[in-house]
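Scroll down for the structure; my scribbles are underneath it.
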Amino acid sequence: MSALGRSSERDFPAQPLPRWQRAVLKVGSSLLAGFGDNNTHGGLDARHAAGLARFIAQCHAQHREVLLVSSGAVAAGRARVASGGDGLVLRQALAALGQASLIGFWQQLVDRPVAQVLLTHDDLRNRRRYLNARASLRELLRLGTLPIINENDTVAVDELKLGDNDNLAAAVASLVDADLLLIATDIGGLYSAHPQRDPSARPILRAERVTQELLDVAGGAGALGTGGMRTKLEAAAKAATAGIPTALFCGRDAAVVEVLAAGQLHGTLVQGQGDRLRARKQWLRHAPASGRVQVDAGAAEALRRRGASLLPGGVIGAHGGFRRGDVIEVVENIDTAPCARGLAQYSAGEIQRIAGRHSSDIEAVLGFRYGEAVIHRDDLVVLATETAE
Ligand SMILES: Nc1ncnc2c1ncn2[C@@H]1O[C@H](COP(=O)(O)OP(=O)(O)O)[C@@H](O)[C@H]1O
Ligand SMILES: N[C@@H](CCC(=O)OP(=O)(O)O)C(=O)O
């Protein structure tokens, strides 16, 4: 039974989770903030987080990738100075005070190194910062770490006032091309009315899309959270437009969390619209190109046959003054039709300098490195054969 006297398992019978390989898991303050008894360490309580950490470990054992968006910094900060106030500046200071405890808290629960990533919505609007965040997060996954993302509350004035980690989690899901957004909260899922106020509220198991009608039934936050069900639905709507489905479930219910890794959801599933990868590849196919890279036959073959990333070793040269993040064409001969298109991870000038070199030399040559590829395979569409995509 949940704290609200409703049973998530009974209200939300199991349904299959969509197949996924990379997911963003959002954990709200309502699951982490101390519950006013002796189990609290630095304002955070592991009783629900431990089950979620086990779920993450199960996912890793299944060779799946998870990124965690965790709230709880303000709650942890509050415990350190025992302040009951609630102004914006105080919350920003509390977030700074509590963020280190929040990361330390998760590190004690998970079996691999955790990495702290603080983002603002501004970072995701600025194309260069967006690409940097994306490259860092991918690299953190490649290194086998658990990235833990939170909003950079101390500098995000508007974001802390208006924003919430639900929307941030949707933005991160789309940033890293996740194929599932999981939102763990303190209630079984979406109900047809505010469940604490209306005893006739019915569980909503599935939504094909987030309609205005659904947004209208989703109310505000509980005692500890920010935004309530409304921001969760807004987040689901954002994820859906990127083709990513969202699962809302009760992270307080051990039985619900236990079966999640086996692909069973007791909660609300909001479907993604269309095929995420296809939409992205379709865009790459037609977006105006800012330049070209010429590659050798081996690289062209690797792109075509293996759907590989384009590494600098196979690049012969770069043409056109394109910048990092621009769409470029990949050609084998400078006068022939392109064999692929994709997003450049490096500018034309930078590619010219690393062309023909091994990826491990990038840092020595440029003095920095955005990743091992000139075009990452997720950002690449092969034009000659459909099968390699
Ligand atoms: N229609 C609804 N269905 C379910 N929960 C709702 C609904 N409307 C409002 N809520 C509230 O949303 C809360 C979850 O959001 P929130 O308090 O922000 O938690 P979190 O910290 O997990 O983000 C629930 O506990 C419930 O009080
Ligand atoms: N960034 C803030 C949390 C903001 C937020 O959205 O909270 P919640 O609704 O509990 O996910 C913190 O770490 O306390």
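Below, all heavy atoms of this structure are taken into account, side chains as well, without hydrogens, waters or symmetry copies. Bear in mind the structure is a predicted one, so any value in this text is a computation, not a measurement. Atoms within each ligand, like the ligands themselves, are counted from 1 in listed order.
- Close approach to A193 involves these atoms of ligand 1, each under 4.0 Å from a residue heavy atom: 1 (N), 2 (C).
- A donor-acceptor pair shorter than 3.5 Å can be found between the side chains of Y191 and D11.
- Close approach of ligand 1 to K26 is summarised as follows: ligand atoms under 4.0 Å from at least one heavy atom of the residue are 23 (O).
- Near N150, with a cut-off below 4.0 Å to any heavy atom, the atoms of ligand 2 are 1 (N), 12 (C), 13 (O).
- For ligand 2, the polar-atom distance check finds no N/O of R91 at less than 3.5 Å from any of the ligand's N/O atoms.
- Within the set G228, S71, A33, the minimum heavy-atom distance to atom 3 (C) of ligand 2 is found for S71.
- Backbone and side-chain nitrogen or oxygen atoms of D164 are examined, and none is located within less than 3.5 angstrom of a nitrogen or oxygen of ligand 2.
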(message) Between E234 and K238, does the salt bridge (Lys or Arg N to Asp or Glu O under 4.0 Å) criterion hold? Intermediate values first, please.
(response) CA-CA 6 Å; E234 283 169 11; K238 275 197 193 124; 5.6 Å; no

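- Between R138 and E372 there is no salt bridge, since none of the side-chain N atoms of the basic residue sits less than 4.0 Å from a carboxylate O of the acidic one.
- For ligand 2, the polar-atom distance check finds an N/O of V74 within less than 3.5 Å of one of the ligand's N/O atoms.
- The residue among H194, M229, R230 with a heavy atom at the shortest distance from atom 12 (O) of ligand 1 is M229.
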(request) Could you give me the CA-CA distance, side-chain angles and deciding distance for D335 and N333, then say whether side chain to side chain contact (heavy atoms under 4.5 Å, CB included) is met? (result) CA-CA 6 Å; D335 299 324; N333 298 303; 5.7 Å; no

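- In terms of polar-atom proximity, G28 is not counted as a contact of ligand 2, lacking any N or O under 3.5 Å from an N or O of the ligand.
- Distances from atom 15 (O) of ligand 1 to the heavy atoms of G228, S30, G188 put G228 nearest.
- Under a 4.0 Å criterion applied to the non-hydrogen atoms of G28, ligand 1 contributes the atoms 20 (P), 21 (O), 22 (O).
- In the vicinity of T185, heavy-atom distances shorter than 4.0 Å reach the ligand 1 atoms 14 (C), 15 (O), 19 (O), 20 (P), 22 (O).
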Considering only distance and modelled atom types, tabulate donor-acceptor pairs under 3.5 Å from the side chains of residues 174-184, sequence neighbours left out.
{"unit_1": "D179", "atom_1": "OD1", "unit_2": "Q21", "atom_2": "N", "d": "3.0"}
{"unit_1": "D179", "atom_1": "OD1", "unit_2": "R22", "atom_2": "N", "d": "2.8"}

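- Residue-level proximity to ligand 2 for Q99 is absent, since no heavy atom of it falls below 4.0 angstrom.
- For ligand 2, the polar-atom distance check against A73 finds a nitrogen or oxygen pair separated by under 3.5 Å.
- Checked by atom type, the side-chain pair S70/N150 shows no donor-acceptor distance below 3.5 Å.
- The shortest N or O to N or O distance between S30 and ligand 2 is not under 3.5 Å.
- Side-chain contact of K26 with N165: a donor-acceptor pair under 3.5 Å is absent, judged by distance alone.
- Distances between N or O atoms of N165 and those of ligand 2 include at least one value under 3.5 Å.
- No option in H266, Q264, R206 other than R206 meets the side-chain hydrogen bond (donor to acceptor under 3.5 Å, both in side chains) test with Q15.
- By the 30° and 60° cut-offs, the orientation of the rings of Y370 relative to Y346 is tilted.
- Below 3.5 Å of separation, one finds no N or O of S70 facing any N or O of ligand 2.
- The pair R134-D379 counts as a salt bridge, with a side-chain nitrogen and a carboxylate oxygen less than 4.0 angstrom apart.
- At least one donor-acceptor pair under 3.5 Å links the side chain of D123 to the backbone N or O of T120.
- Atoms of ligand 2 lying under 4.0 Å from at least one heavy atom of D153, given by number and element, are 1 (N), 2 (C), 12 (C).
- Of all the atoms in ligand 1, the ones that sit under 4.0 Å from a non-hydrogen atom of K232 are 15 (O), 16 (P), 18 (O), 19 (O), 20 (P), 22 (O), 23 (O).
- A salt bridge between E139 and R369 is present, with a side-chain N of the basic residue lying under 4.0 Å from a carboxylate O of the acidic one.
- Taking every heavy atom of S29 and a limit of under 4.0 angstrom, the matching atoms of ligand 1 come to 21 (O).
- Look at A95 and you'll find every heavy atom at least 4.0 Å from all atoms of ligand 2.
- Checked against salt bridge (charged side-chain N to carboxylate O under 4.0 Å, His left out), R54 has no partners two or more places apart in sequence or in another chain.
- Side chains of Q345 and R324: a donor on one and an acceptor on the other come within 3.5 Å.
- In this structure, the side chain of R377 does not engage the main chain of A308 through any donor-acceptor pair within 3.5 Å.
- Taking a cut-off of under 4.0 Å to the non-hydrogen atoms of D186, the atoms of ligand 1 that pass are 13 (C), 14 (C), 24 (C), 25 (O).
- Near V217, meaning under 4.0 Å from one of its heavy atoms, ligand 1 places the atoms 1 (N).
- Contact analysis puts G189 in contact with ligand 1, with a non-hydrogen atom separation below 4.0 angstrom.
- The shortest N/O to N/O separation between S192 and ligand 1 does not fall below 3.5 Å.
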